[in-house]
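Working notes, structure below.
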Amino acid sequence: MTSAEALEKDVGDWNYPYGSAQRYHLQHIHLFASDIERTIAFYRTWFDAEVTWDGDYAGARNVFMKIGIGAMHLYDQAPRDLGRNAVHHLGMQVVGLDDLHDRMVAAGVPIRNPVRRSGGSGYFMLEAPDGVLLEVFEPGPQRDPEVRRYYGFGP
């Protein structure tokens with residue numbers, strides 16, 4: 001049995017995105033936007049960004065944009081912390097969220113809150129070196145098909 005087959009046997013119910021066997025992906029950066037329409041227009045004009053989803057998530061308007069194979073999310077609100085400028089967090093899409101969370105906790109990585117779940121998805125937040133806030137997340141199968149495609153699942 002190859003190592004890939006052994007991994008498949010152990011975690012056969014995991015759903016790998018982007019047609020890849022990789023478990024971890026730097027999926028997006030999330031920015032505050034004091035004028036969200038102006039911000040969208042800037043990235044569309046200069047970097048061919050495409051809005052792939054625009055809606056309410058966690059009580060605020062969020063806009064998901066693709067720039068090439070990368071992604072950026074925007075909050076429709078002014079930056080809160082001038083020390084980080086407009087950057088709120090980096091989003092790390094993973095396969096096996098609970099496994100990673102448990103391994104990080106066991107290793108003593110400070111994680112403020114348990115895994116939070118919403119709409120079949122899960123995430124947790126932690127601070128990386130130099131105060132970089134990370135959202136570690138795994139999109140759930142119950143998410144809207146358009147959002148699932150955005151996260152690399154499906155055609």
Side-chain angles (χ1 to χ4, degrees), residues 3-4 6-33 36 39 43 47 49-154:
S3 60
L7 180 62
E8 182 69 26
K9 178 179 178 270
D10 290 340
V11 293
D13 57 339
W14 288 1
N15 195 359
Y16 290 81
Y18 307 109
S20 167
Q22 295 292 317
R23 287 183 63 189
Y24 308 104
H25 303 274
L26 174 57
Q27 202 278 330
H28 71 270
I29 185 169
H30 208 133
L31 304 178
F32 287 109
I36 198 165
T39 302
Y43 287 99
F47 302 104
E50 296 176 17
V51 172
T52 59
W53 187 77
D54 185 344
D56 185 76
Y57 193 78
R61 179 182 176 199
N62 279 252
V63 175
F64 294 1
M65 301 177 73
K66 283 293 215 177
I67 301 174
I69 62 168
M72 178 171 28
H73 295 185
L74 303 173
Y75 280 131
D76 188 14
Q77 47 190 270
R80 296 180 194 163
D81 180 351
L82 296 178
R84 286 193 298 208
N85 297 317
V87 176
H88 183 264
H89 68 264
L90 299 182
M92 299 296 291
Q93 182 174 340
V94 304
V95 173
L97 180 72
D98 294 311
D99 171 68
L100 178 60
H101 178 270
D102 293 347
R103 288 188 295 120
M104 291 177 116
V105 168
V109 175
I111 298 174
R112 296 180 199 151
N113 296 302
V115 173
R116 295 180 177 159
R117 306 219 182 263
S118 176
S121 298
Y123 74 96
F124 63 93
M125 307 294 286
L126 72 143
E127 194 170 281
D130 298 318
V132 174
L133 184 62
L134 296 180
E135 172 195 12
V136 181
F137 72 100
E138 184 170 24
Q142 294 85 10
R143 294 294 302 267
D144 179 281
E146 184 176 321
V147 173
R148 296 268 308 151
R149 281 190 298 279
Y150 171 76
Y151 285 126
F153 299 104

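All values derive from a computational prediction rather than experimental measurement.
Remark: Ser118 engages Tyr57 in a side-chain contact (heavy atoms from CB on, under 4.5 Å) (not counting sequence neighbours). Taking Arg117 as the reference, Asp98 meet the side-chain hydrogen bond (donor to acceptor under 3.5 Å, both in side chains) condition, with sequence neighbours excluded. Every residue was checked against the salt bridge (Lys or Arg N to Asp or Glu O under 4.0 Å) condition with Asp102, not counting sequence neighbours, and none meets it. The side-chain contact (heavy atoms from CB on, under 4.5 Å) check on Leu26 picks up Leu90, Met92, with sequence neighbours excluded. With sequence neighbours excluded, the residues that form a side-chain contact (heavy atoms from CB on, under 4.5 Å) with Arg61 are Ile36, Glu37, Ile40, Asp54, Val63, Asp76.
The CE atom of Met125 sits 4.0 Å away from atom CG of Leu133, with the distance rounded to the nearest 0.5 Å. Within the model, atoms CH2 of Trp53 and CZ of Arg149 stand 14.5 Å from one another, a figure rounded to the nearest 0.5 Å. Atom CZ of residue Phe137 and atom CZ of residue Phe124 lie 11.5 Å apart, to the nearest 0.5 angstrom. Atom-to-atom distance recorded for Met104:CE and Ile111:CD1 is 5.5 Å, nearest 0.5 angstrom. Rounding to the nearest 0.5 Å gives a distance of 8.5 Å between CG of Asn62 and CG of Leu74.
A donor-acceptor contact shorter than 3.5 Å links the side chain of Gln93 to the backbone of Tyr151. With hydrogens and angles ignored, the 3.5 Å screen pairs no side-chain donor or acceptor of Ser121 with any backbone N or O of Pro139. Of the possible polar contacts, none joining the Arg116 side chain to the Tyr123 backbone as a donor-acceptor pair under 3.5 Å is found.
Closest approach of Val115 and Gly122 over heavy atoms only: CG1-CA, 4.3 Å. In terms of heavy-atom proximity, Pro110 sits nearest to Leu126 at O-CB, 4.1 Å. The two residues Pro114 and His101 come nearest to each other via the heavy atoms CA-NE2, 4.1 Å.
Of the listed residues (His73, His28, His30), just one forms a ring-ring contact (aromatic ring centres under 6.0 Å, His included) with Phe64, and that residue is His73.
Residues Trp14 and Asp99 meet the side-chain proximity criterion, which asks for heavy atoms closer than 4.5 Å. Pro17 has its side chain out of reach of Gln27: every pair of non-hydrogen atoms, C-beta onward, lies at least 4.5 Å apart. At a threshold of 4.5 Å between non-hydrogen side-chain atoms, the residues Ile29 and Met72 count as touching.
Atom CD of Glu50 has 12 or fewer heavy atoms from other residues, nucleotides or ligands within 6.0 Å.
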Legend entry - Working for side-chain contact (heavy atoms from CB on, under 4.5 Å), residues Tyr24 and Leu100: CA-CA 10 Å; Tyr24 308 104; Leu100 178 60; 3.9 Å; yes

Inset, instruction - Kindly indicate, with the supporting measurements, whether the criterion side-chain contact (heavy atoms from CB on, under 4.5 Å) is fulfilled by Thr39 and Leu31. - result: CA-CA 10 Å; Thr39 302; Leu31 304 178; 5.6 Å; no

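For residues 132-148, there are no salt bridge (Lys or Arg N to Asp or Glu O under 4.0 Å) pairs, not counting sequence neighbours.
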